[in-house]
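These notes concern the structure reproduced below.
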Amino acid sequence: MKKLFSLVLVLAMLMSVLAIAEANDRAAELGIPAAVVLQDTDVLQGKKIGCTIVYTGDEWCAAVASALEALGAYYGATITCEDGDINDETQTKQLENMISNEVDIIMCDPASPSGCGTALNAAYDAGIPIIIYDGYWDEGEEKAVTTVTWDQYQTGVIVGEYFLDYSRENNGGKATIVEMANKISFHCQERFVGLHDTFAAADDCEITIIEQYDSQGNRETAEKAISAVVQPYDYVISDVDNGAQGVVAYLQQVGDEDIRVFSMGAYGAEPFGLLHDDDPNYAACLNVDAWILAQFIYDGAIAYMSGEEVPTLTNIDLFMVDSSNVEDFWSFN
């Protein structure tokens, strides 16, 4: 009897090991990095997930969309992330179609806190669980299952503190800045609120902001805007990386290696590659891992579908990245 029990135990352990190996292989096939903590669950199997993301023209948002789709495939759900194009009306129509298609879950990254509220309320009234991510819904605390995001105000604080230290070390605390803003995005504007409050609290520094231009989250627009600046400036701070990359492209075109650019949100091979190569213009960026954000979104969906308690708000960790630590966040092999 003991031998039989031991044999059954060994077989069970072997099957468990094989199942884990199979799951790891499946994750690798879908491009899911090892840093993502996957769950052993089938509660999302066969579920239809409706998803709208604020703007896939942004590299980070595109990475989030890809991660959400890969994780959906891993868990056996049907999901396609639709591009909201930073447009409330577009997202409203997308949400209305999701309701008509009777999706099981809605994942929404809203362009503004109230812009698609009517459609989100219709989904709520229809009993469809809603997960807000990246941005905010002004009724989300009451009606969404959870909001998985990054603290936009704290983003500005973290970048501001990093920049002040950088300025103290390189300019004695004196700096003249041009800002690139994606003004149509509410949560991007919150980053500047945190940034400006941090500058205002620094009594030992003299920070002058000569102008804020609207890049519209577009590289070409940012490049054109910075080319028109005639007043001398030392630095450019952009709320999104498309704005930062547009400025870098212009500076490289004119051969100006003295001006440094900081991004309040970046992810991917391009920005990290510039930091790894010690680019003369691209100085540092705040990084939010798109895969980890996507993991937290699915953690919320799995918990809800499993009948577990879900926190109303989850803020993921934020990190400043420069040439000294970029290899901690990206593989260059």
What distance separates Cys116 SG from Gln91 CD, expressed to the nearest 0.5 Å? 5.0 Å
I'd like to know if the side chain of Gln152 reaches the main chain of Trp150, judged simply by a donor and an acceptor atom lying under 3.5 Å from each other, with no hydrogens or angles considered. yes
Under 3.5 Å, sequence neighbours excluded: what are the donor-acceptor pairs made by side chains of residues 53-65?
{"unit_1": "Thr56", "atom_1": "OG1", "unit_2": "Asp83", "atom_2": "OD2", "d": "2.9"}
{"unit_1": "Asp58", "atom_1": "OD2", "unit_2": "Trp60", "atom_2": "N", "d": "3.0"}
{"unit_1": "Asp58", "atom_1": "OD2", "unit_2": "Cys61", "atom_2": "N", "d": "3.1"}
{"unit_1": "Trp60", "atom_1": "NE1", "unit_2": "Val288", "atom_2": "O", "d": "2.6"}

Other residues, nucleotides, ligands: >12 heavy atoms within 6.0 Å of Asp40 CG: no
Within the 4.5 Å heavy-atom criterion, are Tyr75 and Thr41 side-chain neighbours or not? yes
Could you check whether any side-chain heavy atom of Glu179 comes within less than 4.5 Å of a side-chain heavy atom of Ile209, counting everything from C-beta outward? yes
Within the 4.5 Å heavy-atom criterion, are Thr147 and Thr312 side-chain neighbours or not? no
Could you check whether atom NZ of Lys93 has more than 12 heavy atoms from other residues, nucleotides or ligands sitting under 6.0 Å from it? no
Provide the full list of ring-ring contact (aromatic ring centres under 6.0 Å, His included) pairs with a residue in residues 186-243, sequence neighbours left out, each pair given once. Phe163-Phe199, Phe163-Tyr235, Tyr166-Tyr235, Phe192-His196, Tyr235-Phe262
Could you pull out all residues at least two apart from Trp291 that satisfy ring pair (Phe, Tyr, Trp, His ring centres under 6.0 Å)? none
Under a 4.0 Å threshold between the charged nitrogen and the carboxylate oxygen, would Arg260 count as salt-bridged to Asp234? no
How far apart are the C-alpha atoms of Val148 and Ile132, what are their side-chain angles, what is the distance that settles it, and do they pass the side-chain contact (heavy atoms from CB on, under 4.5 Å) test? CA-CA 6 Å; Val148 182; Ile132 302 297; over 6 Å; no
I'd like to know whether CD of Glu89 has more than 12 heavy-atom contacts from other residues, nucleotides or ligands below 6.0 angstrom. no
Can you list the steps and then say if Arg191 with Leu195 is a side-chain contact (heavy atoms from CB on, under 4.5 Å)? CA-CA 6 Å; Arg191 300 174 195 176; Leu195 183 78; over 6 Å; no
With the threshold set at 4.0 Å, does a side-chain nitrogen-carboxylate oxygen contact exist between Lys47 and Glu102? no
Of all residues at least two apart in sequence or in a different chain, which pass the side-chain hydrogen bond (donor to acceptor under 3.5 Å, both in side chains) check with Ser112? Asp88
Verify same cluster id: Val37, Val310 (apolar side-chain graph, 4.5 Å): no
Got more than 12 heavy atoms from elsewhere within 6.0 Å of CD, Glu257? no
Atom pair NE2/OG of His276 and Ser323 - distance to nearest 0.5 Å: 10.0 Å
Side-chain heavy atoms nearer than 4.5 Å, only ILVMFWY residues, links allowed to pass through others: does that put Leu120 and Tyr304 together? no
Could you identify which residues cluster with Val193, counting Ile, Leu, Val, Met, Phe, Trp and Tyr as linked when any side-chain heavy atoms lie under 4.5 Å apart, either directly or through a chain of such contacts? Tyr153, Val157
Quick one, Ser263 with Asp241, criterion side chain to side chain donor-acceptor pair (under 3.5 Å). Give me CA distance, side-chain angles, the key distance, then yes/no. CA-CA 6 Å; Ser263 173; Asp241 209 53; 2.9 Å; yes
More than 12 non-hydrogen atoms from neighbouring residues, nucleotides or ligands closer than 6.0 Å to NZ on Lys174, yes or no? no
Which residues share a side-chain hydrogen bond (donor to acceptor under 3.5 Å, both in side chains) with Thr155, sequence neighbours left out: none
